[in-house]
Amino acid sequence: MHMKRLAAAAGAALLTTLAVPADAHAAAIACGGAVSTQNIGAQGCISAERFKDGKIWWRDIKAHAVITNSRAHASYVDYEAFMNVQGSSSWTKLGNGRTVVQRRSTTGPVEIGSATRICGPVNAKITIRVHVRPAGGAWSNWSSAATSQCQT
């Protein structure tokens, strides 16, 4: 029981530190709810950093995943992320990949993919969704996170 509390406290501390930028130019990472499948858990996360190129403002949007393996052995985990702009009915694939997550540990945030978008006249809400699966297993449900595209 003590180990579960220690692991929960360590996980909470890790996620708290993820939300604090390391310097003035770093983007904060915001994570959504957790999902799991076959003892592999994940949180979909989003980061966005605004920059100016000439007279035009742009936003780098990145999808990440924090992946937890509660199995008694290391596992290969597949992951993929999609992005949606508010008002659109379609989801654009940002990326996918595979990583090894050691037994009873958490890894991440793992960057899955990114997109660069121009800042429009309105702050378009960007939503990412991430799901994972152990190699050869079933996909988890979606974990989503969102940000307003050009909000400072």
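W142 and H131 have parallel rings, their planes meeting at less than 30° on a 0 to 90° scale where 60° marks the start of perpendicular.
In this structure, NE2 on H64 lies 8.5 Å from CD1 on I128, to the nearest 0.5 angstrom. Once rounded to the nearest 0.5 Å, the distance linking SG of C45 with CD of E111 reads 12.0 Å. Between the CZ atom in R59 and the OG1 atom in T147 there is a gap of 5.5 Å [rounded to 0.5 Å]. Atom CE of M83 and atom CH2 of W91 lie 9.5 Å apart (nearest 0.5 Å). Atom NE2 in H73 sits 9.5 Å away from atom CZ in R104 (nearest 0.5 Å). In this structure, the separation between CD on Q86 and OG1 on T127 is 7.5 Å, given to the nearest 0.5 Å.
Annotation for I29 and P109: closest pair CD1-CG, 3.7 Å, computed over non-hydrogen atoms. In terms of heavy atoms, A115 sits closest to L94 at CB-CD2, 3.8 Å. Nearest heavy-atom pair, A81 versus A63, reported as atom, atom and distance to 0.1 Å: CB-CB, 3.7 Å. Closest of all the heavy-atom pairs between N141 and V35 is O-CG2, 3.5 Å. Of all heavy-atom pairs between A28 and S47, the closest is O-CB, 3.3 Å. When every heavy atom of A124 is checked against every heavy atom of V85, the shortest pair comes out as CB-CG1, 4.1 Å.
Of the possible polar contacts, one joining the T37 side chain to the A138 backbone as a donor-acceptor pair under 3.5 Å is found. Using a distance-only test at 3.5 Å, with no hydrogens or angles considered, a donor-acceptor pair links the side chain of S143 to the main chain of G44. Judged purely by atom type and a 3.5 angstrom limit, N84 has no side-chain atom pairing as donor or acceptor with the backbone of T92. At distances below 3.5 Å, at least one donor-acceptor pair connects side-chain atoms of Q43 with backbone N or O atoms of G32. Counting only distance, with no hydrogens or angles, the side chain of S88 and the backbone of S90 share a donor-acceptor pair below 3.5 Å.
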Run the side-chain contact (heavy atoms from CB on, under 4.5 Å) test on R133 and Q38 for me, step by step, so that the C-alpha distance in whole Å, both residues' side-chain angles and the decisive distance to 0.1 Å come before the verdict. CA-CA 8 Å; R133 71 174 176 186; Q38 301 167 331; 6.0 Å; no
T99 and I67: CA distance, side-chain angles, deciding distance, side-chain contact (heavy atoms from CB on, under 4.5 Å) verdict: CA-CA 9 Å; T99 190; I67 305 169; 4.1 Å; yes
Set out, in order, the CA-CA distance, both residues' side-chain angles and the distance that settles side-chain contact (heavy atoms from CB on, under 4.5 Å) for I46 and I61, then state yes or no. CA-CA 7 Å; I46 190 170; I61 300 157; 3.9 Å; yes
Start with the C-alpha gap between I40 and Y79, add the side-chain angles, then the distance that decides, and say whether side-chain contact (heavy atoms from CB on, under 4.5 Å) holds. CA-CA 11 Å; I40 302 294; Y79 49 83; over 6 Å; no
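A 6.0 Å sphere centred on CZ of R103 holds no more than 12 heavy atoms belonging to other residues, nucleotides or ligands.
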